2 protein chains.
Amino acid sequence: MEENNLQSFVKERRKRLGLTQEELSFKAGVGLRFVRDLEQGKSSLQMNKVNQVLKLFGYELGAVPANREDLLHEEG
Amino acid sequence: MEENNLQSFVKERRKRLGLTQEELSFKAGVGLRFVRDLEQGKSSLQMNKVNQVLKLFGYELGAVPANREDLLHEEG
DNA sequence: TGACTTTATACCTTAACGGGTATAAAATGA
DNA sequence: TCATTTTATACCCGTTAAGGTATAAAGTCA
């Protein structure tokens with residue numbers, strides 16, 4: 001539990017859009033397995049693939065102050 | 001030029017600490033080649049390795065609203 | 001309870017990342 | 001100008017991410 005809330009962010013955003021993992025993977029242009037690894041908190045994912053997913057939500061990977069990523073839980 | 005300012009963020013922070021790429025790679029526990037790829041803007045880097053570097057600056061990877069990553073340029 | 005949908009895990013192959021090394025280029029200083 | 005330091009690029013190899021497929025587990029609904 002390394003506080004990897006990227007996984008919950010993706011999961012929450014996906015559900016908010018009413019998408020299944022399969023639909024999200026198709027829209028993002030990544031494999032279904034990748035979406036599952038992402039939502040399961042795999043830490044060694046490649047940034048460009050993660051960004052393909054985040055882009056669907058209007059987000060992208062960036063450097064954020066450690067222990068402040070909680071701010072993302074506010075609505076965009 | 002995909003506005004990958006993660007590279008300039010790392011480069012700037014590294015210089016601010018007066019470190020060479022080699023010193024940074026040693027402190028972060030990653031290869032020198034990785035630090036160079038990172039500062040050159042390689043987009044397919046693995047998140048866990050990038051986080052090893054960002055941790056030295058008190059930062060980590062997180063989802064940020066697209067086109068808002070400029071806010072990171074403020075001092076922590 | 002049972003069908004169906006969705007998600008999680010395992011196996012396998014291909015492609016490429018990470019990293020070491022060597023070399024070249026650029027920057028710094030005298 | 002020439003040394004030294006630092007950074008950038010290329011080559012090679014071991015490891016592993018990505019993704020497809022299959023199977024199992026979990027959730028949903030009647």
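This one's a predicted model, so the numbers in the text were calculated from it and none came from an experiment. Lettering follows sequence order; numbering is per chain, from 1.
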N or O in side chain of K42(A) less than 4.0 angstrom from dT16(D) OP1/OP2 = no

Can you tell me if the side-chain N/O atoms of T20(B) get under 4.0 Å from OP1 or OP2 in dT6(D)?
-> no

Quick one: is dT6(D) close enough that its OP1 or OP2 comes under 4.0 Å of any side-chain N or O from R14(B)?
-> no

Can you name the side-chain contact (heavy atoms from CB on, under 4.5 Å) partners of R33(B), sequence neighbours left out?
-> D37(B)

Under the side chain to side chain contact (heavy atoms under 4.5 Å, CB included) rule, what do V10(A) and L24(A) come out as? Steps first, then yes or no, please.
-> CA-CA 10 Å; V10(A) 171; L24(A) 180 64; 4.1 Å; yes

Test L32(B) against R36(B) for side chain to side chain contact (heavy atoms under 4.5 Å, CB included), laying out the working first.
-> CA-CA 6 Å; L32(B) 172 56; R36(B) 291 178 175 163; 3.4 Å; yes

Counted 5' to 3', the first and last nucleotides of DNA chain C within 4.0 Å (strictly under) of a heavy-atom of chain B are dC17(C) to dT21(C)

Residues T20(A), E23(A); criterion side chain to side chain contact (heavy atoms under 4.5 Å, CB included); working and verdict = CA-CA 5 Å; T20(A) 65; E23(A) 291 167 332; 3.3 Å; yes

Which comes earlier along DNA chain D counting from the 5' end, the contact point of Q21(B) or that of Q52(A), where each point is its nearest nucleotide?
-> Q21(B)

Pull out every residue in residues 28-37 of chain A that has a heavy atom closer than 4.0 Å to any atom of DNA chain D, ordered by number, or say none.
-> V30(A), G31(A), R33(A), F34(A)

Difference in axis direction between the ends of the helix from dT1(C)-dA30(D) to dA30(C)-dT1(D), five pairs, 10° | 70°

Euclidean distance, L6(B) CG relative to K11(B) NZ, rounded to 0.5 Å | 13.0 Å

CD/E39(B) to CZ/F34(B) distance, rounded to the nearest 0.5 angstrom?
-> 11.0 Å

Donor-acceptor list for residues 49-58 of chain B side chains, cut-off 3.5 Å, not counting sequence neighbours:
{"unit_1": "N51(B)", "atom_1": "OD1", "unit_2": "L61(B)", "atom_2": "N", "d": "2.7"}
{"unit_1": "N51(B)", "atom_1": "ND2", "unit_2": "M47(B)", "atom_2": "O", "d": "3.3"}

Sequence neighbours left out, what passes side-chain contact (heavy atoms from CB on, under 4.5 Å) with Q40(A)? Give chain and number order.
-> none

Rounded to the nearest Å, what distance is computed from the CG atom of residue N48(B) to the C1' atom of nucleotide dT16(D)?
-> 11 Å

Is it possible for you to say whether V30(B) and L19(B) belong to one hydrophobic cluster, with membership spreading through side-chain heavy-atom contacts below 4.5 Å?
-> yes

Quick one: on DNA chain C, does Q46(B) or E22(A) contact a more 5' nucleotide (nearest heavy atom)?
-> E22(A)

Do you reckon F26(B) sits in the same ILVMFWY cluster as L38(B), going by side-chain contacts under 4.5 Å, direct or chained?
-> no

Mind checking E39(B) for me? I need base, sugar-phosphate or nothing, with any heavy atom below 4.0 Å counting as a touch.
-> nothing

When you look at V64(A) and E60(B), which way does the side chain to side chain contact (heavy atoms under 4.5 Å, CB included) test go after all the steps?
-> CA-CA 5 Å; V64(A) 300; E60(B) 65 188 359; 4.0 Å; yes

